[in-house]
2 protein chains.
Amino acid sequence: MLKLTKKADYGLMALKYLAEHPETVALSAKDIADAYGIPAQLLAKILQKLTKSGLLKSHAGMNGGYALSRDAREISAYEVIHSIDGPFFITSCTKGSKGCELTPSCTIKEPLARVNDTIAGVLKSISIQDLSDHEHPAGPTEKSSPLVYLTH
Amino acid sequence: MLKLTKKADYGLMALKYLAEHPETVALSAKDIADAYGIPAQLLAKILQKLTKSGLLKSHAGMNGGYALSRDAREISAYEVIHSIDGPFFITSCTKGSKGCELTPSCTIKEPLARVNDTIAGVLKSISIQDLSDHEHPAGPTEKSSPLVYLTH
DNA sequence: CAATATCCGACTTCTTCGGTCCGGGTTTAG
DNA sequence: CTAAACCCGGACCGAAGAAGTCGGATATTG
Ligand code: SF4
Ligand code: SF4
């Protein structure tokens, strides 16, 4: 529940890896897979999705591979997750396809939609570049400011 | 991916329902289930978990049922989700049980742990009481302030 | 042309979730 | 006392989704 897909996880790893190697023109899926020890074929499919979404550029043939299509700080974690796992929804009532049938009687879907937006906002505020700043500077996670505003 | 369990969903609905009926001493699982049209037996098990976690008080026998053990504004959505679905982790590396085996080589688990904490903070800042404030006052969701601080 | 790479859909396997069933124990109304 | 109404909790099962695999087509370079 509320767990990130491993595919999205891999996708973030791969993008971070690409962001850290800007000098190379392109890296093949196998290169990245080997670097982390994740199944090559699976990673390939993930990168393909990211390519189709426009986050990556691919180049077939020898010495081919993938490269970021934009600057690392212009790619948000939200986009990555969205590309790989589809639309982002905390609840099952995706309003459109097939959600739970008790949507009309449900009284908590509006508040939850608010929460959904908040979390999406969090994800959108994180870029690939941020992942590369390997820092966890002693300062323990302090939740000071109000994080979500449910009622206006 | 990143989707709330339906059980947690039901749990929140039930708690909200209880919060909105403070006059009644106790409501049976069947009452709540009928009110929303969710499977009674399933809801029963959810309420049992919430009881075991101390969020609810149960009373067997005729005219028995469940009641909130604390004030509605003292119960956070985080507690509910935690009670029903177990520990809250965005990633698979739960450090302790069985996570993914590439935890050592993984370079994004610390940043993601930060994100995890942020989202957990969001959930903790929401009380059952907040769910009852049925408001969505025209004001579109505005994300003004920075929502997550990755680097200190 | 041959080697290397991406591309892409279909497929199997595994886990989890949603839901049901049943055999208990408790309390209270009659 | 007894039966109804309720809570308790494990076992069970089908459906769905996630993780990973396979195989073939296509594009590029040497
Ligand atoms: S309609 Fe209500 S119960 Fe159904 S998925 Fe949405 S929030 Fe959950
Ligand atoms: S170790 Fe890395 S890849 Fe594995 S679950 Fe944690 S974040 Fe994801």
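So that the names make sense, note that chain A is the first sequence line, chain B the second, and so on, each numbered from 1.
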Nearest to side-chain heavy atoms of [X], which nucleotide of [options]:
{"X": "Lys45(A)", "options": "dG9(C), dC8(D), dC6(D)", "answer": "dG9(C)"}
{"X": "Thr5(B)", "options": "dC8(D), dA18(D), dC17(C)", "answer": "dC17(C)"}
{"X": "Lys7(A)", "options": "dA19(D), dC7(D), dG18(C)", "answer": "dA19(D)"}

Rounded distance (Å) that lies between atom [atom2] of [N] and atom [atom1] of [X]:
{"X": "Leu56(B)", "N": "dC6(D)", "atom1": "CG", "atom2": "P", "result": "17 Å"}
{"X": "Gln48(A)", "N": "dA10(C)", "atom1": "CD", "atom2": "P", "result": "14 Å"}
{"X": "Lys57(B)", "N": "dC7(D)", "atom1": "NZ", "atom2": "C1'", "result": "17 Å"}
{"X": "Lys49(A)", "N": "dT6(C)", "atom1": "NZ", "atom2": "C1'", "result": "17 Å"}
{"X": "Ile84(A)", "N": "dG17(D)", "atom1": "CD1", "atom2": "C1'", "result": "16 Å"}
{"X": "Lys3(A)", "N": "dA19(D)", "atom1": "NZ", "atom2": "C1'", "result": "14 Å"}
{"X": "Leu43(B)", "N": "dC8(D)", "atom1": "CG", "atom2": "C1'", "result": "15 Å"}
{"X": "Asp31(B)", "N": "dA5(D)", "atom1": "CG", "atom2": "P", "result": "12 Å"}

> Tell me, which of residues 34-42 of chain A have any heavy atom that sits under 4.0 Å from an atom in DNA chain D?
Replying inline: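 Per residue number, the list reads Pro39(A), Gln41(A), Leu42(A).
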
>> Can a side-chain donor-acceptor contact be found between Lys16(B) and Thr107(A) if the only test is distance below 3.5 angstrom?
In response: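 Their side chains do contain a donor-acceptor pair, which is all the 3.5 Å distance test asks for.
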
> Got a sec: does the NZ of Lys30(B) have more than 12 other heavy atoms crowding it under 6.0 Å?
Replying inline: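 Open: at most 12 neighbouring heavy atoms sit under 6.0 Å from NZ of Lys30(B).
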
>> Here's a test of your reading of the structure: between Met1(A) and Thr51(A), which maps to the more 5' nucleotide of DNA chain C?
In response: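 Counting from the 5' end, the first nearest nucleotide belongs to Thr51(A).
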
Distances for protein N/O vs nucleotides 27-30 of chain C N/O pairs under 3.5 angstrom?
residue: dT27(C); atom: O2; partner: Met62(B); partner atom: N; Å: 3.4
residue: dT28(C); atom: OP1; partner: His59(B); partner atom: NE2; Å: 3.4

>> Please find the pair of heavy atoms, one from Gly54(A) and one from Ser69(A), that lie closest to each other, and give the distance.
In response: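 Distance-wise, the nearest heavy atoms are O-OG, 2.7 Å.
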
> Which heavy atom in Lys109(B) sits nearest to a heavy atom in Cys93(B), and how many Å separate them?
Replying inline: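 Where Lys109(B) meets Cys93(B) most closely, the heavy atoms are CB-SG, 4.2 Å.
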
>> Considering every strand and a 4.0 Å limit on heavy-atom distances, what is the contact class for Ala29(B): base, sugar-phosphate, or nothing?
In response: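 If one applies the 4.0 Å heavy-atom cut-off, Ala29(B) turns out to touch the sugar-phosphate alone, with no base involved.
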
>> Once you apply a heavy-atom cut-off of 4.0 Å, does Lys30(A) come out as touching a base, just sugar-phosphate, or nothing?
In response: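 Answer is nothing: Lys30(A) stays at 4.0 Å or more from every strand.
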
> Measuring from Thr24(A):OG1 to Asp31(A):CG, what's the distance to the nearest 0.5 Å?
Replying inline: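 Thr24(A) atom OG1 to Asp31(A) atom CG measures 8.5 Å (nearest 0.5 Å).
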
>> Rounded to the nearest 0.5 Å, what separates atom CD in Gln48(A) from atom CG in Leu43(A)?
In response: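 The CD atom of Gln48(A) sits 10.0 Å away from the CG atom of Leu43(A).
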
>> Just N and O in the side chain of Ser28(B): are any of them under 4.0 Å from OP1 or OP2 of dC7(D)?
In response: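 For dC7(D), neither OP1 nor OP2 has a side-chain N or O of Ser28(B) closer than 4.0 Å.
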
>> Would you say Tyr10(B) places a side-chain N or O within less than 4.0 Å of OP1 or OP2 belonging to dG19(C)?
In response: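 Result: yes.
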
> For Leu123(A) and Leu2(B), what are the C-alpha separation, side-chain angles and deciding distance, and is it a side-chain contact (heavy atoms from CB on, under 4.5 Å)?
Replying inline: CA-CA 12 Å; Leu123(A) 262 6; Leu2(B) 221 30; 4.2 Å; yes

> Within the distance-only criterion (no hydrogens, no angle test), does the side chain of Ser28(A) pair as donor or acceptor with the backbone N or O of Gly65(A) below 3.5 angstrom?
Replying inline: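 Not a single qualifying donor-acceptor pair exists.
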
> Taking the side chain from Lys49(A) and the backbone from Ile84(A), do they hold a donor-acceptor pair closer than 3.5 Å?
Replying inline: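 A pair under 3.5 Å: yes.
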
> Quick one: ring pair (Phe, Tyr, Trp, His ring centres under 6.0 Å) pairs with a partner in residues 19-47 of chain B, sequence neighbours left out?
Replying inline: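 The answer is Tyr17(B)-His21(B), Tyr17(B)-Tyr36(B).
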
